[in-house]
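As the structure lists them, so they are numbered: ligands from 1, and atoms in each ligand from 1. All residue numbers in this chain count up from 1 along the given sequence.
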Amino acid sequence: MKFAITSKGDHKSDMIKAIIEQYLSDFDLEVDLDQPDLVISVGGDGTFLHAVHHYFHRLKNTAFIGVHTGHLGFYADWLPEEIEKLVIEIAKKEYKIVEYPLLEMKIYRKNEAKPERYLALNEATIKKVEGSVVLDVIIKGEHFERFRGDGLCVSTPSGSTAYNKALGGAIIHPSLSTMQITEMSSINNRVYRTIGSPLILPSHHVCQFKPVDQSQSFLITIDHVTKSVDHISTIEYSVAEERIRFARFRPFPFWKRVHDSFISDQR
Ligand code: NAP
Ligand code: MN
């Protein structure tokens with residue numbers, strides 16, 4: 001088995017990275033930064049997002065695991081104190097794989113035949129630096145609403161505890177293959193009307209956003225990445241065919257992670 005370790009880059013994370021690397025090498029496991037079977041991210045959920053984006057091209061052949069050096073994370077859910085145990089598990093055992101859904105986003109631009117395709121682990125959002133976002137929301141080919149406001153967020157189930165939660169979206173169990181659309185401060189009055197509630201779409205529904213003024217420039221975020229994009233004709237969102245694979249060495253149920261992160265870390 002070949003592995004790669006990524007670190008947040010602070011002193012503590014770098015130290016723990018070095019220790020895990022030493023332990024795994026002692027078990028004759030090999031470092032392979034290009035084609036790892038297992039990627040261990042040391043830091044926080046943000047570090048984990050970076051690691052996953054780095055290896056998005058080989059999701060089928062790579063499993064991920066996260067160690068947190070700050071607060072408990074949703075992806076980074078192993079404690080530094082547990083790494084000896086973790087290393088033994090990695091070296092000795094066949095690990096179980098748990099898969100979570102991802103979001104696919106395709107940006108179609110004016111005068112370009114092929115869309116740019118992206119995958120997100122948490123979410124993709126559309127916003128603007130200045131002024132309101134005005135776009136038509138199309139669900140399964142049917143016009144649903146004209147949105148005016150700060151922006152829209154489309155999240156995965158595992159991303160539902162991140163930005164989506166701050167926007168009033170529901171927390172969704174990652175065993176459900178869905179995507180959720182949440183609003184950022186929509187304008188609602190007698191002239192403008194949006195649904196106002198988060199929408200949860202199944203995996204066979206496609207949703208499109210069509211900017212009303214295609215000459216405008218928008219800010220598109222994909223997890224931790226922000227891009228400025230202009231001449232957008234359509235952005236299409238769906239649950240991706242690909243899934244992210246987590247190496248599970250011990251059970252840590254999603255609802256327990258939710259409890260320990262948001263309610264209390266003592267039972
Ligand atoms: P950041 O600004 O450092 O992260 C924001 C916070 O979100 C951090 O505490 C991060 O945990 C946490 N987080 C990331 N993924 C999560 C998940 N799936 N469930 C629960 N919490 C999660 O930026 P970043 O570390 O690069 O992370 C990018 C993410 O930040 C985006 O994908 C978006 O979800 C989130 N975000 C949230 C808001 C908001 O809540 N208003 C606004 C913008 C972006 P760590 O400290 O462990 O990294
Ligand atoms: Mn962060």
Side-chain angles (χ1 to χ4, degrees), residues 6-14 16-17 39-56 64-80 98-105 118-129 133 149-186 198 200 218-228 237 239-240 243-246 248 252-265:
T6 64
S7 161
K8 186 177 178 180
D10 59 304
H11 181 66
K12 187 176 180 188
S13 303
D14 284 345
I16 287 165
K17 174 181 182 239
V39 171
I40 304 162
S41 154
V42 182
D45 283 336
T47 320
F48 193 92
L49 290 173
H50 276 90
V52 171
H53 277 247
H54 189 78
Y55 292 104
F56 257 153
F64 295 86
I65 185 147
V67 176
H68 64 90
T69 46
H71 57 92
L72 168 70
F74 273 84
Y75 304 117
D77 58 4
W78 280 80
L79 276 164
V98 178
E99 295 188 340
Y100 282 2
L102 296 169
L103 176 75
E104 177 190 273
M105 172 174 73
Y118 300 93
L119 292 176
L121 174 58
N122 273 346
E123 77 286 293
T125 73
I126 178 163
K127 307 187 242 198
K128 261 171 74 70
V129 180
V133 170
D150 284 358
L152 286 166
C153 171
V154 187
S155 58
T156 65
S158 62
S160 67
T161 49
Y163 207 160
N164 168 78
K165 185 174 183 295
L167 298 171
I171 297 183
I172 306 213
H173 195 279
S175 61
L176 299 169
S177 282
T178 65
M179 60 180 173
Q180 178 168 198
I181 307 169
T182 43
E183 299 182 349
M184 298 174 196
S185 306
S186 55
I200 298 169
F218 293 88
L219 286 183
I220 304 284
T221 72
I222 308 136
D223 297 334
H224 56 287
V225 183
T226 304
K227 319 164 67 69
S228 175
Y237 304 86
V239 177
R243 293 161 76 81
I244 177 169
R245 301 159 70 243
F246 296 92
R248 272 292 132 82
F252 192 175
F254 180 71
W255 296 121
K256 178 155 171 56
R257 290 209 296 282
V258 172
H259 169 274
D260 292 359
S261 294
F262 296 119
I263 308 289
S264 153
D265 59 2

Name the residues with a heavy atom less than 4.0 Å from ligand 1?
-> Gly44, Asp45, Gly46, Leu49, His71, Phe74, Tyr75, Asn122, Glu123, Ser158, Thr161, Ala162, Tyr163, Ala166, Asp223, His224
Measure from the ring center of Phe48 to the ring center of Phe246 and say whether it is less than 6.0 Å.
-> yes
Under 3.5 Å donor-acceptor, Asp150 side chain and Ser185 backbone | no
Test item: Asp45 side-chain N/O and Tyr75 main-chain N/O as donor-acceptor pair under 3.5 Å = yes
Backbone N/O of Gly9 and side chain of Ser7: donor-acceptor pair under 3.5 Å | yes
Run the side-chain donor-acceptor check on residues 165-176: report pairs under 3.5 Å with partners two or more places apart or on a different chain.
from   : atom 1 : to     : atom 2 : distance (Å)
His173 : ND1    : Ser175 : N      : 3.0
His173 : ND1    : Ser175 : OG     : 2.8

Verify, without hydrogens or angle tests, whether Thr156 (side chain) and Asn122 (backbone) share a donor-acceptor contact under 3.5 angstrom.
-> yes
